[in-house]
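Take a look at the structure set out below.
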Amino acid sequence: MKSSLRITIITVGILLAVVIFLLLVIFPVDRFVIDSNFPELTGPYLGEKPPGSVPERFAPGIINGEMHTATVFSPDGQEVYWKLISDNVNEILFMRLEDGRWTQPQVVPFASRFFDSDNPCFSPDGQKLFFTSWRPVRWYQVFEFSEGIWYVERTEQGWSDPKAVGTSINSMNLHWQLSVSEKESLYFASEGDIYHSKYKNDQYQEPIRLVNEINTLSNEGHPYIAPDESYLIFSSNNQTDSLGDYDLYLSIHRDDGSWSKAINLGVGVNSYYQDLYPVVSPDQSYLFFISNRDGMHSVYWVDFEQIETLIIEASE
């Protein structure tokens with residue numbers, strides 16, 4: 001009896017391995033079609049003309065489609081990552097500056113054939129790229145669907161295999177944008193509130209909900225933390241000073257560890273529509289974010305000077 005059961009289990013295992021192998025061959029990872037008419041792009045930020053104090057669409061002829069994330073540039077400015085809302089490509093896309101020219105959009109090399117990757121976020125030193133994914137941590141958890149935070153590390157051969165950040169964070173109900181500081185503290189949203197988790201002894205600690213100056217009865221999310229954790233920009237909806245749907249807000253992290261009351265970034269950034277997913281460029285020159293003010297969720301960018309003024313005023 002035991003021998004028959006063992007043979008059955010082995011047979012089923014072999015058949016399952018064969019099926020998975022065939023699926024990997026038949027259904028390759030999504031790829032963008034090479035465009036023979038793709039323009040030659042050179043210079044910083046895809047060669048786009050820098051914006052002023054009024055938000056403008058970023059690279060409308062290149063970064064096209066309904067956006068799920070803003071564009072995220074590497075600290076050296078040589079790479080850019082983003083994610084579309086698309087039935088055709090369910091992975092993070094990226095472009096790289098090679099020999100002075102930007103490559104065409106392509107799927108990240110660590111993409112899964114069965115599970116998505118989303119919400120890219122660089123560590124300030126550029127050596128890690130964090131992202132969210134529904135992929136299982138272990139093969140036997142394939143039917144335990146939950147969104148978790150993963151990361152890849154730079155190696156001489158390129159990005160490493162993805163690694164999960166750990167159950168202290170990934171056991172939570174996570175969603176959308178995340179951000180990481182120079183100390184590798186992670187900021188992320190769960191159930192309409194923003195949390196952070198410190199990195200200590202090579203692992204992430206138990207997440208802590210941020211204070212009520214940030215988290216309110218409204219929905220807060222899409223956190224961007226400054227590399228030195230001196231300020232936080234995030235989205236919130238249904239506030240008394242809201243211009244419309246989701247607006248972007250700023251809170252200062254004081255020297256005593258407290259957070260200032262969040263302030264609306266105002267009409268210089270926000271609109272009467274959804275404004276969310278803030279990302280500050282690595283050189284602190286521009287704020288990228290998503291807005292549907294033009295009828296669909298697109299990436300906008302604006303000069304960071306006016307936000308710097310708010311940061312200085314709020315810090316006094």
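Because only heavy atoms are used, hydrogens play no part in the values below, and waters and symmetry mates are left out as well, while side chains stay in. None of the values given here were measured: they were computed from a predicted structure.
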Step by step, work out the ring-ring contact (aromatic ring centres under 6.0 Å, His included) result for Y246 and Y273.
-> CA-CA 7 Å; Y246 274 94; Y273 300 91; over 10 Å; no
Verify side-chain hydrogen bond (donor to acceptor under 3.5 Å, both in side chains) between H253 and E229, making sure each step is shown before the conclusion.
-> CA-CA 7 Å; H253 200 189; E229 300 184 65; 5.1 Å; no
Evaluate the criterion side-chain hydrogen bond (donor to acceptor under 3.5 Å, both in side chains) for residue pair D283 and Y45; output intermediate values, then yes/no.
-> CA-CA 11 Å; D283 58 9; Y45 300 105; 3.0 Å; yes
Walk me through it: do L232 and Y187 pass the test side chain to side chain contact (heavy atoms under 4.5 Å, CB included)?
-> CA-CA 9 Å; L232 178 75; Y187 288 71; 4.2 Å; yes
Please step through side chain to side chain contact (heavy atoms under 4.5 Å, CB included) for the pair D193 and L210, ending with a clear verdict.
-> CA-CA 8 Å; D193 285 330; L210 294 184; over 6 Å; no
Stepwise side chain to side chain contact (heavy atoms under 4.5 Å, CB included) test for V180 and I225 = CA-CA 7 Å; V180 62; I225 189 65; 5.8 Å; no
Give the C-alpha distance, both sets of side-chain angles, the deciding distance and a yes or no for ring-ring contact (aromatic ring centres under 6.0 Å, His included) between Y199 and Y204.
-> CA-CA 5 Å; Y199 191 68; Y204 281 97; 4.7 Å; yes
Check against side chain to side chain contact (heavy atoms under 4.5 Å, CB included), L93 and Q106 = CA-CA 5 Å; L93 302 175; Q106 53 191 299; over 6 Å; no
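Side-chain atoms of N237 and D245 form no donor-acceptor pair, as typed in the model, at a separation below 3.5 Å. One side chain, D241 or Y249, offers a donor N or O that lies under 3.5 Å from an acceptor on the other. Judged by distance alone, the side chains of T132 and D118 never bring a donor and an acceptor atom under 3.5 Å apart. One side chain, E191 or N173, offers a donor N or O that lies under 3.5 Å from an acceptor on the other. For S236 and E220, the side-chain atoms include at least one donor-acceptor pair closer than 3.5 Å.
Between P227 and S181, the closest heavy-atom pair is O-CB, 3.5 Å. When all heavy atoms of I149 and L178 are compared, the closest pair comes out as CG2-CD1, 4.0 Å. Scanning all heavy atoms of the two residues, the minimum distance from V54 to V302 falls at C-CG2, 3.9 Å. Nearest approach of M95 to F38, heavy atoms of both residues: CE-CZ, 3.8 Å. The nearest pair of heavy atoms linking R154 to W159 is CG-CZ3, 3.3 Å. Here the closest heavy-atom approach between residue S123 and residue P75 is recorded as O-CG, 3.8 Å.
R57 is not listed as a side-chain neighbour of S291, based on a closest heavy-atom distance of 4.5 Å or more. In this structure, Y300 and D294 have side chains that are in contact, with non-hydrogen atoms separated by less than 4.5 Å. N90 has its side chain within reach of K83: a pair of non-hydrogen atoms, C-beta onward, lies under 4.5 Å apart. Proximity of V72 to C121: side-chain heavy atoms (C-beta onward) are nowhere separated by under 4.5 Å. Residues I208 and K198 form no side-chain contact, since every pair of their non-hydrogen atoms from C-beta on lies 4.5 Å or further apart. At a threshold of 4.5 Å between non-hydrogen side-chain atoms, the residues I307 and I233 count as touching. Contact annotation: the side chain of I85 never approaches that of M67 to less than 4.5 Å [non-hydrogen atoms, C-beta and beyond]. Counting heavy atoms from C-beta outward, T71 and V279 have side chains that stay 4.5 Å or more apart.
Other residues, nucleotides and ligands contribute over 12 non-hydrogen atoms within 6.0 Å of the CD atom of E213. With a 6.0 Å radius and a threshold of 12 heavy atoms from other residues, nucleotides or ligands, R101 has its CZ atom at or below the threshold. The environment of D256 atom CG is dense: over 12 non-hydrogen atoms of other residues, nucleotides or ligands sit within 6.0 angstrom. Counting heavy atoms of neighbouring residues, nucleotides and ligands inside a 6.0 Å radius, atom CG of D76 exceeds 12 of them.
Within the 3.5 Å criterion, the main-chain N or O of I252 finds a donor-acceptor partner in the side chain of S260. Proximity of a side-chain donor or acceptor of S235 to a complementary backbone N or O of D247 within less than 3.5 Å is not detected. Using a distance-only test at 3.5 Å, with no hydrogens or angles considered, a donor-acceptor pair links the side chain of W102 to the main chain of G43. Side-chain atoms of N64 come within 3.5 Å of backbone N or O of G61 as a donor-acceptor pair. Under a 3.5 Å cut-off, the side chain of S281 and the backbone N or O of Y286 do form a donor-acceptor pair. Checking side-chain atoms of S197 against main-chain N and O of Q205 turns up a donor-acceptor pair under 3.5 Å. Checking side-chain atoms of T167 against main-chain N and O of S171 turns up no donor-acceptor pair under 3.5 Å. Side-chain atoms of T309 come within 3.5 Å of backbone N or O of E305 as a donor-acceptor pair. Side-chain atoms of S133 do not come within 3.5 Å of backbone N or O of S117 as any donor-acceptor pair. Distance alone, capped at 3.5 Å, is enough to place a donor-acceptor pair between the S315 side chain and the I311 backbone.
Once rounded to the nearest 0.5 Å, the distance linking OG of S251 with CD1 of I263 reads 8.5 Å. For the atom pair CG (L41) and CD (E48), the distance works out to 8.0 Å, reported to the nearest 0.5 Å. In this structure, NZ on K163 lies 11.0 Å from CZ on F130, to the nearest 0.5 angstrom. One finds the OG atom of S298 at 9.0 Å from the CD1 atom of I290 (value rounded to the nearest 0.5 Å). If you take NE2 on H297 and CG on L276, they are separated by 6.0 Å, rounding to the nearest 0.5 Å.
Ion pair D275/R293 flagged as a salt bridge, since at least one NZ, NE, NH1 or NH2 atom sits closer than 4.0 Å to an Asp/Glu carboxylate oxygen. The pair K49-E56 does not meet the salt-bridge criterion, since no charged nitrogen lies less than 4.0 angstrom from a carboxylate oxygen.
Taking the centre of each ring, F289 and Y277 stay at or above the 6.0 Å mark. A centroid separation of less than 6.0 Å is found between the aromatic rings of F122 and Y81. Within the 6.0 Å centre-distance limit, the rings of F131 and F110 are counted as a close aromatic pair. Proximity of the aromatic rings of F234 and H222 is defined here by a centroid distance below 6.0 angstrom, and this criterion is not met. For an aromatic pair to be called close, the ring centres must be under 6.0 Å apart, and H68 with W82 fails this.
With Y151 as the aromatic partner, K128 meets the cation-pi criteria of under 6.0 angstrom to the ring centre and within 45 degrees of the ring axis.
The aromatic rings of F58 and F73 stand perpendicular to each other, their planes meeting at an angle above 60°, with 30° marking the opposite boundary.
The hydrophobic clustering, which links ILVMFWY residues whose side-chain heavy atoms are closer than 4.5 Å, places F288 and L248 apart. No single ILVMFWY cluster, assembled from side-chain heavy atoms under 4.5 Å apart, contains both V299 and V269. Cluster annotation: Y231 is not connected to W259 through the hydrophobic network of ILVMFWY side chains, with a link wherever side-chain heavy atoms come within less than 4.5 Å.
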